[in-house]
Amino acid sequence: MILPCPENPQSWNHRPITWMLVFLNIAVFLIFFADAPASPTMDLVKEKNLETAGRAFLQMIAVSPEEVREKTPDWIFEVSTSRSVDLQLIGYYAVRQSFFLEGVSSFAFHGDEVALAELRKSVATFQDKFSEDRLHRFGLSPLRNQSFAWLTYQFSHIGFLHLASNLVFLIFIGWAIEGLFGGTVLLILYLMGGIAGGVFFLGLFPGSYIPMVGASGSVSALIAFYALAEPKWRIRYYYLLFPTPGLNGFIYLPTLLILPLYLLADATGLLASPDGLMTGVAYSAHLGGAAFGAIAALLVRGLSLVRINRTS
Amino acid sequence: MVYPDFSYQKREPRTDLPAIAPVADRMLAFLIDFLIFTPVFAFVTSGLLKSLRTMVLVQSDSTASWMLWFSLVSTWFALLVLAEALFVFYWGATPGQKFLKLEVRSYQQGHSLDLMQSLGRSFLHWSSFFFVLPVLAVYTHPLRRALHDRAFDTIVVTLKEPSDFGPIDLERNFFRSWSRMMAFVGAMALVGVSNGVRTSYERLNVVSNQDSAFCEDVDGSWKGQERLDRATGLFVAGLISSACLEKEANAILWKQEGSLKAFAELAKGLLNPEDEVSRSYLDRVCESSPSGEACAISKFASSTDPERGNILRKKGLGSLTARLLLVRETIDREQFASAAALIADLRQEALFDEYLAREEVRNIWKIKGKSQGREPASSDLRDIIRDFEERYELR
């Protein structure tokens with residue numbers, strides 16, 4: 001195990017913007033998401049509905065225009081249509097496509113009429129409750145044209161683990177950036193990095209029904225900025241190989257080495273994901289935020305836009 | 001012109017003891033190398049990873065899937081060996097070792113490694129991870145030289161002070177007890193892995209009809225209405241699962257039209273008559289075929305009337321499903337003679353022997369229960385009991 005462990009604990013008191021961002025994320029989670037009702041997609045993703053959706057999707061795609069078929073991943077046409085698990089996989093893809101959900105009620109499917117009626121009912125329920133669901137209200141989605149979503153999605157998280165994983169990086173990297181560059185720079189990086197991450201997400205998944213939430217785009221911007229603005233700086237890490245003397249302690253590793261590897265893992269995640277099946281991690285937003293952070297770092301260093309405080 | 005001398009330069013062997021690298025530093029260096037190499041190699045092989053992940057979703061048991069797994073593991077192994085070899089050849093250490101101020105040197109002379117020595121050492125280093133024990137030898141060797149170090153005449157030294165003083169007795173004892181345990185675990189693992197490989201190989205070679213739209217538990221020689229009727233009958237008798245019957249019904253519902261569709265909807269309705277969705281299927285049956293036997297069976301299944309058996313009797317008992325359902329219903333209504341006649345009629349289908357035997361026993365128990373242990377008054381019922389006792393040689 002190896003975790004970042006910054007020095008000088010007393011300096012934690014002098015990071016108001018970092019703590020404000022942390023507080024906002026926690027507050028939004030506790031108020032809006034901690035006790036949120038079950039997602040309206042719950043009925044839609046039941047096994048029976050997914051299998052029916054898979055069969056229905058194959059019928060719909062067979063008569064769709066060429067441009068729609070071209071955007072459909074190749075594996076959809078290679079999967080066996082006899083096995084239930086394969087049909088559920090196609091259904092899992094189908095319920096994330098806006099053209100399918102919007103066409104289900106009117107398309108003339110043939111087959112198991114009872115199952116198709118159940119599917120139509122679930123889709124109608126989903127579409128009715130869609131606008132009320134908190135994830136869809138505060139998240140960033142190509143299907144909802146709400147300008148405030150660009151800000152609200154950066155402070156929304158779907159679960160405690162999601163929140164905690166983002167906060168760990170926000171605290172440590174935010175502490176470092178605020179100490180060196182000030183709170184204003186941190187705040188601008190966080191918000192603009194999140195917007196850049198959102199742009200990348202919408203650019204790569206324009207037809208997706210699933211909204212994006214989380215501070216990971218913003219956090220990626222902070223990580224990339226810190227790695228390039230202070231490439232020779234070393235971060236203290238605590239390592240634990242075994243709880244005996246000699247096998248645990250502190251080590252200093254340069255930011256330029258470790259932090260970009262985190263972003264390389266995101267790029268791999270994006271490139272290695274099967275077409276059309278998102279894994280729940282918005283790698284595109286990470287990369288968008290990182291791209292913004294990297295450009296900001298180069299500008300700051302090249303143009304000396306900000307005075308660096310190396311004493312705190 | 002004096003040409004440079006490229007011949008081998010003999011060097012005197014070293015006489016000083018090298019500064020042995022501590023095991024903790026080596027382990028930490030390995031961890032740092034892991035953190036560095038993993039995302040880089042994953043990025044380089046992202047195309048292969050994507051193909052593999054797609055194949056795992058689409059056809060996890062296919063030969064192509066196994067080939068992809070093998071390709072990925074081989075590529076990663078090759079990249080690891082090459083990366084470590086090149087770093088050690090050019091730098092004298094991997095990135096993790098550089099951070100911890102460690103170096104890999106030739107043991108005899110103390111100089112840096114040549115390319116073949118570096119490649120060979122790296123290959124053996126990563127190969128020995130499959131067997132674990134050769135790598136753990138750093139805990140017992142006095143100069144902390146594992147198998148790959150001894151085979152290629154190398155040693156890992158530290159540029160820091162103080163250096164390691166070699167293993168203590170506690171480490172040697174720890175290694176001895178661990179190696180005994182690992183040998184036993186390794187033998188078990190070898191048996192498990194070889195079994196797994198054999199099973200996977202057999203699965204790849206077996207002609208399986210898992211890809212068929214129909215259930216493999218139902219005899220493939222039956223077709224059409226007969227197949228669906230027998231499958232439903234097998235489900236009623238508890239001889240196939242609900243998933244199997246559902247697969248049979250779906251194969252008809254999603255592919256075929258006509259009279260079979262009503263029976264397929266009936267089959268889905270019988271899966272769980274308490275369920276609201278199943279009742280929807282039963283309601284639909286009569287819409288597509290109001291005068292068919294499937295409609296009669298669906299009305300029977302939906303009805304709670306004590307005389308619901310008459311629905312099937314009036315229609316005529318053509319299908320196996322109807323007759324099997326009627327057997328159970330007739331026994332529940334204590335119409336013992338009718339039940340015995342139905343069972344005798346169904347005995348022509350050897351497929352349901354076990355089920356019919358159970359129902360026959362249930363029938364006899366109910367007769368005896370109603371007679372409270374005495375001989376039944378009716379001669380028909382006495383004949384039924386006598387036939388049962390003769391058939392199963394109870395007299």
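Lettering follows sequence order; numbering is per chain, from 1.
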Inset, instruction - Could you check which of L48(B), V44(B), L28(B), T45(B) has the highest count of heavy-atom pairs closer than 4.5 Å to chain A? - result: L28(B)
Inset, instruction - Sort I76(A) into side chain, backbone, both or neither according to what part of it lies under 4.5 angstrom from a heavy atom of chain B. - result: neither
Inset, instruction - Indicate yes or no: at least one non-hydrogen side-chain atom of W254(B) is less than 4.5 angstrom from one of L58(A). - result: no
Legend entry - Atom of P39(B), atom of A265(A) and distance for their closest heavy-atom approach: CB-N, 4.2 Å
Legend entry - Minimum heavy-atom distance T268(A)-A42(B), with the two atoms named: CG2-O, 3.2 Å
Legend entry - pair V277(B)-E118(A): side-chain heavy atoms closer than 4.5 Å: yes
Legend entry - Within 6.0 Å of NZ in K299(B), more than 12 heavy atoms from elsewhere: no
Legend entry - Interface moiety of L100(B) toward chain A, non-hydrogen atoms closer than 4.5 Å: side chain
Inset, instruction - Would you indicate whether F70(B), at its atom CZ, is surrounded by more than 12 heavy atoms from other residues, nucleotides or ligands within a distance under 6.0 Å? - result: no
Legend entry - Residue pair I32(B) / Y239(A), side-chain heavy-atom distance below 4.5 Å: no
Legend entry - Which atoms of F43(B) approach chain A - backbone, side chain, both or neither, heavy atom under 4.5 Å: both
Legend entry - Reported CD1-to-CG distance for the pair I251(A) and L31(B), which is rounded to 0.5 angstrom: 8.5 Å
Inset, instruction - Kindly say whether G111(A) contributes a backbone atom to a donor-acceptor pair with the side chain of K261(B) at under 3.5 angstrom? - result: yes
Inset, instruction - Measure E246(B) against the heavy atoms of chain A and call it side chain, backbone, both or neither at under 4.5 Å. - result: side chain
Inset, instruction - Tell me, yes or no, whether the heavy-atom count around F34(B) atom CZ, taken from other residues, nucleotides or ligands under 6.0 Å, exceeds 12. - result: no
Inset, instruction - Look at atom CZ of F77(A) and say whether more than 12 heavy atoms of other residues, nucleotides or ligands are closer to it than 6.0 Å. - result: yes
Legend entry - Proximal component of I90(A), with respect to chain B [non-hydrogen, under 4.5 Å]: neither
Inset, instruction - Taking the side chain as every heavy atom from C-beta outward, state whether R55(A) and N250(B) have any pair of such atoms under 4.5 Å apart. - result: yes
Legend entry - Region of A115(A) in contact with chain B, defined by heavy-atom distances below 4.5 Å: both
Legend entry - Worked check of side-chain contact (heavy atoms from CB on, under 4.5 Å) between R284(B) and V114(A): CA-CA 8 Å; R284(B) 266 198 68 85; V114(A) 174; 3.3 Å; yes
Inset, instruction - Report yes if some heavy atom in the side chain of T38(B) is under 4.5 Å from a heavy atom in the side chain of L261(A); otherwise report no. - result: no
Legend entry - Residue pair D112(A) / E265(B), side-chain heavy-atom distance below 4.5 Å: no
